[in-house]
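Notes follow the structure.
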Amino acid sequence: MFYHKLFMSCALLSLAQLSYAQTGKLENGCRIKVRSDAVVILVCPENASAEVWRAAGEAACGPKLLCNAWVWDDNAKAPDTAPVTDADLPKKAAAQAVAIWVNDSKSLVTLKKAVFSK
């Protein structure tokens, strides 16, 4: 009986972890393009609000504390593979992201594009 309960507990824990590990659409129109253990690549509609980005990032990371969800508003600009760490994101792709959800601090960092004039 003990082994049966242990097996069932492990199975339920695995299912809980799989619930946030999937790729695909989220409720708010955003979708998980790809993910690694600590980095999620999210694509949201072009005119989505910061609240939509926050909710998508939180849903994508789920209970995993060490998780950062990078948000793009254009699928073509988002990387096709998720790096192991944020530092490994291609610089060009990182520069085109619109936000980052940092799950351990429950913070949304919005990324504004600087416009320089001569």
*C67 pairs by side chain to side chain contact (heavy atoms under 4.5 Å, CB included) with which of D104, V40, D37?*
V40
*Can you find a heavy atom in the side chain of P79 that is under 4.5 Å from one in the side chain of W72?*
yes
*Same cluster (ILVMFWY, side-chain, under 4.5 Å), I100 and L89*: yes
*Would the number of heavy atoms belonging to other residues, nucleotides or ligands and lying under 6.0 Å from CG of L66 be above 12?*
no
*Would you mind telling me which of N75, V34, I32, D80 makes a side chain to side chain contact (heavy atoms under 4.5 Å, CB included) with I41?*
V34
*asked:* What's the separation between atom CG in L108 and atom CH2 in W101, rounded to the nearest 0.5 Å?
replied: 7.0 Å
*Closest approach of P83 to S36 (non-hydrogen atoms, all atoms of both residues)*: O-OG, 2.6 Å
*In chain order, what residues pass the side chain to side chain contact (heavy atoms under 4.5 Å, CB included) check against A38, with sequence neighbours excluded?*
none
*Start with the C-alpha distance between D86 and V39, add both sets of side-chain angles, then the distance that settles side chain to side chain contact (heavy atoms under 4.5 Å, CB included), and finish with yes or no.*
CA-CA 7 Å; D86 299 290; V39 178; 3.9 Å; yes
_Please enumerate all residues that pass side chain to side chain contact (heavy atoms under 4.5 Å, CB included) together with T85, with sequence neighbours excluded._
A87, D88
*Could you tell me the separation between the CG atom of N103 and the CG atom of N68, rounded to the nearest 0.5 Å?*
8.0 Å
_Per the side chain to side chain donor-acceptor pair (under 3.5 Å) rule, what does the pair list look like for residues 40-53, sequence neighbours excluded?_
E51-R54
*Heavy atoms only: give me the nearest A60-L42 pair and the separation to one decimal.*
CB-CD2, 4.0 Å
